[in-house]
Amino acid sequence: MCGIVGYVGFREASEVILDGLKRLEYRGYDSAGIAVKVNGHLEVVKKAGKLQVLADSLKEHNLSGQFGVGHTRWATHGAPTDPNAHPHTTEKGDIVVIHNGIIENYLPLKEGLIARGHTFTSETDSEVLAHLIEEKYRGDLVEAVRLALAEAYGAYALVVAHQDHEEIVVARTVSPLVIGLGEGENFVASDVPALLPYTRRVIFLHDGDMAVVTREGVKVTDLAGNPVEREVVTVEWSLEAAEKGGHPHYMLKEIYEQPRVLENTLGGRLHEEEAGVELGLKLDPTHYDKVHIVACGTAYYAAWVGKYLLEALARVPVEIDVASEYRYRDPVVDDKTLAICISQSGETIDTLEAIREAKRKGAGTLGVINAKGSSITREVDDTLYIHAGPEIGVASTKAYIAMLAAMAMLAVWMGRARGSLDEKTAREFLGEMRKLPRLVEEALELRPQVAHIAEKYHQAQDYLFLGRHIQAPTAYEGALKLKEISYIHAEAYPAGEMKHGPIALIDERLPVVVLATQSPFYEKTVSNIQEVRARGGRVIAVATEGDTEVKKFAQDVIYVPQTHHLLAPVVSVVPLQLLAYETAVFLGRDVDQPRNLAKSVTVE
Ligand code: F6R
């Protein structure tokens, strides 16, 4: 959360920074600010509101210069106001600081600084860093930053500039920072999309790294100033992949990308002839007698689907946990535990801490991750990349589908190695997996019908989503998507649980989405639909093509293509993503930047 861009080179810094911040706005969008060196001074402009407010205000300022830094904020300490926006500076104004993360001891630091005569203009924890660095500065900015960081602790991606030095001094612990390498210019950013128009050669900083970025080059050290070697990575993501490509919203573009994403996730990994998958993992799947999966939000629902897949195909006991709960529940873990974490960004702090907890306790660790080079990938024993490409829409769609495909492959990998999945069943299952891109393509054709349903119910106050077995997580994911971008209250329940309480909510105003695709539990779900209908609820059923039963009881039936029942979540989630999207559009919501959210949650 929070987006940072820094530039030193020969272009107009304000243009590079605004363009980069635009690509990072998914990380936070409640205020934005920029500092550019103009005629020897760092000029700061910062505004509450979305980046456009800053961009409009910049038209009234001459910020022409080739060295600067900028920020788009997701508020933690202090409301989204002009003074709380970054960059922060001091009365002298010669130093600017941009910070992503939380300085945990900022209160005692602030008290000390006030007692020593410093005046604060914001309520943020970040401003203490500007004052602390000013206090330590004796002509050497790098040294001042190092001394300040020796006193401040917490999570940070820190970017500091001083008007007398054309260098950007950066440091990171927990919050991500990446350096982009150019010719006669260099860049700093929170995430790769900001750099793609200019370079694909990047250095991902590690926890405890500092770096000095100038026009001529980049020097990486540890916090004590000892040089450290960091690999220069060439990123494969194209610029087009990180742009809207003619769609009105990133979310819609990403929904439509899903067939291609699945091809990438599965590409070269399914081997029907050998009745197995080739995942290139070092871990030995036969070594473990239980699996723990941790994740947050949408990725947690992928974990839940993964549990059903692993238990069905690999016959291994699986526990799943919301990462923020796992790390504090003192889980029972030993060296026979395989701990899997799932994350699109690879930066979610709760997920990172949960996997660290499992590792500390002796588990083998595996990340199912989208973002290459991200923090989690550096801490786990092994990574299975989901290859979804850059996901910019704050509401996750294509990464979810790719996570499901990855979990299905892991289940085959473990099942074959453990001998619980026979060759014939594996071959058939892999054959079904291979069809998924085409089936998702077909599911996308449901958009006009789903748009019609969205219009019909867009004024509903509440929605209920029900699903059974491996479709229970699909119900939860459908409800989460709707909540996130339309702000309609939506609850999800395992279908069989409805009669234990939520049934009291049902009346003729409540749309109830029921996942009723073909499965061994289909009849039970149809009974649940009848229970809803008997109480006047409005049923929107998601059923398998060719089903003639469900339409007797449901007002609307969305028919999705037939697949193996363990793969049904992959095709069934598509109309639910579209339902959330179309509802949000009817309600005039900001689909790509829903209120209060940020894409990459790097604070606890
Ligand atoms: C929902 C959403 C969030 C994320 C969650 C985990 O649409 O995007 O719930 O799924 O914050 O993020 P990652 O996968 O980056 O760890």
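When a ligand or atom number is given, it counts from 1 through the structure's own listing order. Predicted model only: the values in this text are computed from it and were never measured.
Lys22 and Thr72 are not linked by any side-chain donor-acceptor pair at a separation below 3.5 angstrom, with hydrogens and angles left out of the test.
Results of the ring pair (Phe, Tyr, Trp, His ring centres under 6.0 Å) test with Tyr476 over Tyr300, Tyr493, Trp304, Phe465 single out Trp304 as the only residue that passes. Checked options Val585, Thr583, Val591; the residue passing with Ser486 is Thr583 (criterion: side-chain contact (heavy atoms from CB on, under 4.5 Å)).
The distance criterion of under 3.5 Å between nitrogen or oxygen atoms is met by Ser345 with respect to ligand 1. Checked by distance only, ligand 1 and Val394 come closer than 3.5 Å through their nitrogen or oxygen atoms.
Residue contacts with ligand 1 include Lys481, since one or more of its heavy atoms lies under 4.0 Å from the ligand. Contact analysis leaves Asn370 out of contact with ligand 1, as no non-hydrogen atom separation drops below 4.0 angstrom.
Near Ala299, meaning under 4.0 Å from any of its heavy atoms, are these atoms of ligand 1: 10 (O), 14 (O). Residue Ala395 has at least one heavy-atom neighbour below 4.0 Å for each of these atoms of ligand 1: 7 (O). Listed by number with element, the atoms of ligand 1 under 4.0 Å from a non-hydrogen atom of Glu484 are 1 (C), 2 (C), 7 (O).
Residues satisfying the side chain to side chain contact (heavy atoms under 4.5 Å, CB included) test with Arg360, not counting sequence neighbours, are Arg356, Glu357.
Pairs passing the salt bridge (Lys or Arg N to Asp or Glu O under 4.0 Å) check and including a residue from residues 454-470, sequence neighbours excluded, read Lys456-Asp556.
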